[in-house]
Amino acid sequence: MNDPIPRNILPGATSTPSNARPSVIQLVFREKGALYAAYIPLFSEGGLFVPTTREYKLGEDIYLLLSLPDDPQRYPVAGKVAWITPPNASGGRTQGVGVRFPSDDKTRLLKLRIEEILGTSISSAKPTQTI
């Protein structure tokens, strides 16, 4: 059963399970800083950290409906869980999962769009929710 997701995990970002299917999560980024904190450039295909209290297994499929700052389009992403941050993780890290994007043309364009939004901040040393 899905628990409600606290909306204050990442300022400017919210994730809520969709009622249609439990494997679908809407992830809304209202601020560039929240997108920076969740983006995973380490994955060659790109990826995002998703704050969630739901338990997932590595390799499990996860479907995201992604909204980016100042972009009216919603992007569907069929990713896979690539890492798990458990509850009560060291360093006060937020519980959730790292989702690796698939390697297809549509998602490559999404990765480019995210990197375009982040611009030079992508190489910042500012801490993130990711690895």
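A heavy-atom distance below 4.5 Å is found between the side chains of Leu110 and Val77. Leu35 is listed as a side-chain neighbour of Leu48, based on a closest heavy-atom distance under 4.5 Å. In this structure the side chain of Tyr39 reaches within 4.5 angstrom of the side chain of Glu115, judged on heavy atoms. The shortest side-chain heavy-atom distance between Lys80 and Val99 does not fall under the 4.5 Å cut-off.
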Q: Kindly determine whether Leu66 and Phe29 satisfy side chain to side chain contact (heavy atoms under 4.5 Å, CB included), including the steps that lead there.
A: CA-CA 8 Å; Leu66 180 61; Phe29 292 97; 3.4 Å; yes

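For the atom pair Leu27 CG and Leu65 CG, the distance stands at 9.5 Å (nearest 0.5 Å). Remark: Ile62 CD1 to Tyr56 OH distance equals 3.5 Å, nearest 0.5 Å. The distance from the CD1 atom of Ile25 to the OG1 atom of Thr52 is 4.5 Å, given to the nearest 0.5 Å. Note that the CZ atom of Arg108 and the OG atom of Ser44 stand 9.5 Å from one another [nearest 0.5 Å]. Atom CG in Leu64 sits 11.5 Å away from atom CZ in Arg74 (nearest 0.5 Å).
For the side-chain hydrogen bond (donor to acceptor under 3.5 Å, both in side chains) test, no residue two or more places apart in sequence or in another chain qualifies with Ser67. For Arg113, the side chain to side chain contact (heavy atoms under 4.5 Å, CB included) test picks out Leu68, Asp71, Tyr75, Glu116, Ile117, with sequence neighbours left out. Remark: Ala89 pairs with Thr85, Pro86, Arg93 by the side chain to side chain contact (heavy atoms under 4.5 Å, CB included) rule, at least two apart or across chains.
Contact detail for Pro87 and Gln95: the closest heavy-atom pair is CB-OE1, 3.6 Å. Considering every non-hydrogen atom in both Pro102 and Glu45, the closest pair reads O-CB, 3.9 Å.
In the hydrophobic clustering of ILVMFWY residues, with side-chain heavy atoms under 4.5 Å counting as a link, Leu58 and Phe101 come out together.
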